[in-house]
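Just so we're clear, the structure is a prediction, and the values are computed from it rather than from any experiment. So you know, we letter chains A, B, ... as the sequences are listed, proteins then strands, and number each from 1.
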Number of protein chains: 2
Amino acid sequence: MPVVQREVNRFQNFLQGQGLKLTGERASLVREIFSIHYHFDADELLFKMKEKSVKISRATIYRTLELLVKSGMVRRVHLGEDHYHYEHVSGNSHHDHLVCTTCGSVIEFHDPLLEARQIEICGRKRFTPTFHNLQILGVCDSCRRKGEQPDAPDRVKMIGLSAMQLRK
Amino acid sequence: MPVVQREVNRFQNFLQGQGLKLTGERASLVREIFSIHYHFDADELLFKMKEKSVKISRATIYRTLELLVKSGMVRRVHLGEDHYHYEHVSGNSHHDHLVCTTCGSVIEFHDPLLEARQIEICGRKRFTPTFHNLQILGVCDSCRRKGEQPDAPDRVKMIGLSAMQLRK
DNA sequence: ACGCAAATGAGACTCATTCTCATTTAGCAG
DNA sequence: CTGCTAAATGAGAATGAGTCTCATTTGCGT
Ligand SMILES: [Mn+2]
Ligand SMILES: [Mn+2]
Ligand SMILES: [Zn+2]
Ligand SMILES: [Zn+2]
């Protein structure tokens with residue numbers, strides 16, 4: 001795993017700069033996270049590590065995710081569910097999300113015009129933005145073709161789609 | 001309270017249509033909610049009712065909020081914190097939020113161009129949007145002038161600003 | 001005023017996340 | 001290589017928002 005190992009090194013650099021240590025648990029987590037190419041949650045990570053017989057506690061997973069977010073290697077995102085999701089940041093820059101409330105799939109997009117307009121709005125309100133969070137919920141193309149109706153707005157909450165729920 | 005009473009009637013209409021009842025608790029809550037002109041959370045509501053010696057349980061508050069959201073009279077919003085906030089919907093339509101991570105103040109805005117651009121993006125992805133959620137976090141004008149620095153992105157979470165935390 | 005479906009309150013429960021603390025370990029100095 | 005010590009870990013307790021249960025109460029149509 002050469003690509004993934006590079007990320008471990010990146011994390012180690014960050015840790016050293018903070019006087020922190022690279023442990024086996026942290027390295028395993030980084031390798032796992034940079035092998036997942038979608039939006040995952042903490043429980044999914046815990047499950048995958050268990051699958052691979054990598055011994056690691058829930059607390060360490062949360063603690064390491066926090067460090068990875070601080071290092072800028074991982075982003076924590078809201079996808080309309082009541083718990084956080086994460087995604088690794090590898091070169092590809094900022095983007096926002098379209099979330100299908102029927103199947104749970106997530107489409108990423110980046111739109112410079114949208115971003116520019118936000119800056120404009122902030123300027124008008126004399127507001128200095130540091131970051132933003134945009135999710136557009138709705139129905140993806142394949143779900144629409146299957147004739148699925150969007151949930152009533154008040155019921156939208158991606159029921160039963162989280163990784164844990166699927167496997168429980 | 002003539003204005004507020006109109007909202008109680010609106011809610012009663014909705015309830016009747018659903019075969020549900022207008023109770024004293026529900027009426028009190030509606031009156032309270034339509035007297036609050038900012039973004040509140042469930043605990044704040046519980047506290048305010050206690051202050052006024054209106055006996056009402058936490059469960060009833062959550063249940064009534066759910067009904068109010070269904071009726072369209074209240075919106076549930078994310079403001080970057082890890083619990084929900086609510087706002088009443090009175091005539092004024094959809095808007096998004098600028099949230100100051102220093103003082104917690106919230107600026108509302110509505111921008112047709114921003115909305116239109118989102119529709120465009122969805123069309124391009126063949127995605128049928130039902131609603132969206134946009135928060136821009138940053139520093140408001142008065143905080144900026146006081147020389148407050150924005151929190152590092154990873155630490156942004158409006159520490160100590162929720163109504164409950166302030167009063168605990 | 002009656003009857004009963006709907007509503008309520010108290011507190012148990014869930015679930016994500018954080019914390020505590022006793023024990024282990026990474027990494028550095030010698 | 002060895003010892004030292006601050007940092008890290010795991011187990012499980014704690015927290016906090018939100019939901020649920022069920023015995024009791026109440027709104028409201030008749
Ligand atoms: Mn993404
Ligand atoms: Mn608002
Ligand atoms: Zn879909
Ligand atoms: Zn401010």
Interface with DNA chain D, restricted to residues 15-25 of chain B and to heavy atoms under 4.0 Å
Lys21(B), Leu22(B)

When the distance from [atom1] of [X] to [atom2] of [N] is rounded to whole Å, what number comes out?
X        : N       : atom1 : atom2 : answer
Phe11(B) : dG27(D) : CZ    : C1'   : 14 Å
Leu46(B) : dT8(C)  : CG    : P     : 14 Å
Arg58(A) : dT20(C) : CZ    : C1'   : 17 Å
Asp43(B) : dG18(D) : CG    : C1'   : 10 Å
Phe40(B) : dA17(D) : CZ    : P     : 16 Å
Leu29(B) : dG9(C)  : CG    : C1'   : 14 Å
His78(A) : dT17(C) : NE2   : C1'   : 13 Å
Glu81(A) : dA17(D) : CD    : C1'   : 16 Å

Any N or O donor-acceptor pair under 3.5 Å from the base of dG9(C) to the side chain of Arg63(B)?
yes

For Gln118(A) and His132(A), does a side-chain donor sit closer than 3.5 Å to a side-chain acceptor?
yes

With sequence neighbours excluded, tell me which residues meet side chain to side chain donor-acceptor pair (under 3.5 Å) with [X].
X         : value
Ser28(B)  : none
Ser57(B)  : Thr60(B)
Glu120(A) : Arg117(A)
Arg126(B) : none

Going by ring pair (Phe, Tyr, Trp, His ring centres under 6.0 Å), name the residues that satisfy it together with Tyr84(B), two or more places apart in sequence or in a different chain.
His78(B)

By ring pair (Phe, Tyr, Trp, His ring centres under 6.0 Å) - contacts of Tyr86(B) (at least two apart):
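By the ring pair (Phe, Tyr, Trp, His ring centres under 6.0 Å) rule, Tyr86(B) matches no residue at all.
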
Compute the bend angle of the helix from dA1(C)-dT30(D) to dG30(C)-dC1(D) from the end axes (five pairs per end), rounded to 10°.
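Rounded to the nearest 10 degrees, the bend comes out at 30°.
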
Between [options], spot the one nearest the side chain of [X], thanks.
X        : options                  : value
Ala42(B) : dG18(D), dA8(D), dT17(C) : dG18(D)
His83(B) : dG18(D), dT17(C), dG9(C) : dG18(D)
Tyr84(A) : dT17(C), dT8(C), dG9(C)  : dT17(C)

Student check: side-chain heavy atoms of Leu68(B) and Ile33(B) closer than 4.5 Å:
yes

So, does Arg26(B) get its side chain near the phosphate of dA7(C), meaning an N or O under 4.0 Å from OP1 or OP2?
yes

Check this one for me: any side-chain N or O of Tyr62(B) less than 4.0 Å away from OP1 or OP2 of dG18(D)?
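Yes, because at least one side-chain N or O of Tyr62(B) sits under 4.0 Å from OP1 or OP2 of dG18(D).
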
Atom pairs and distances, donor-acceptor, side-chain atoms in residues 14-24 of chain B, under 3.5 Å, two or more places apart:
| from | atom 1 | to | atom 2 | distance (Å) |
| --- | --- | --- | --- | --- |
| Thr23(B) | OG1 | Arg26(B) | N | 3.2 |

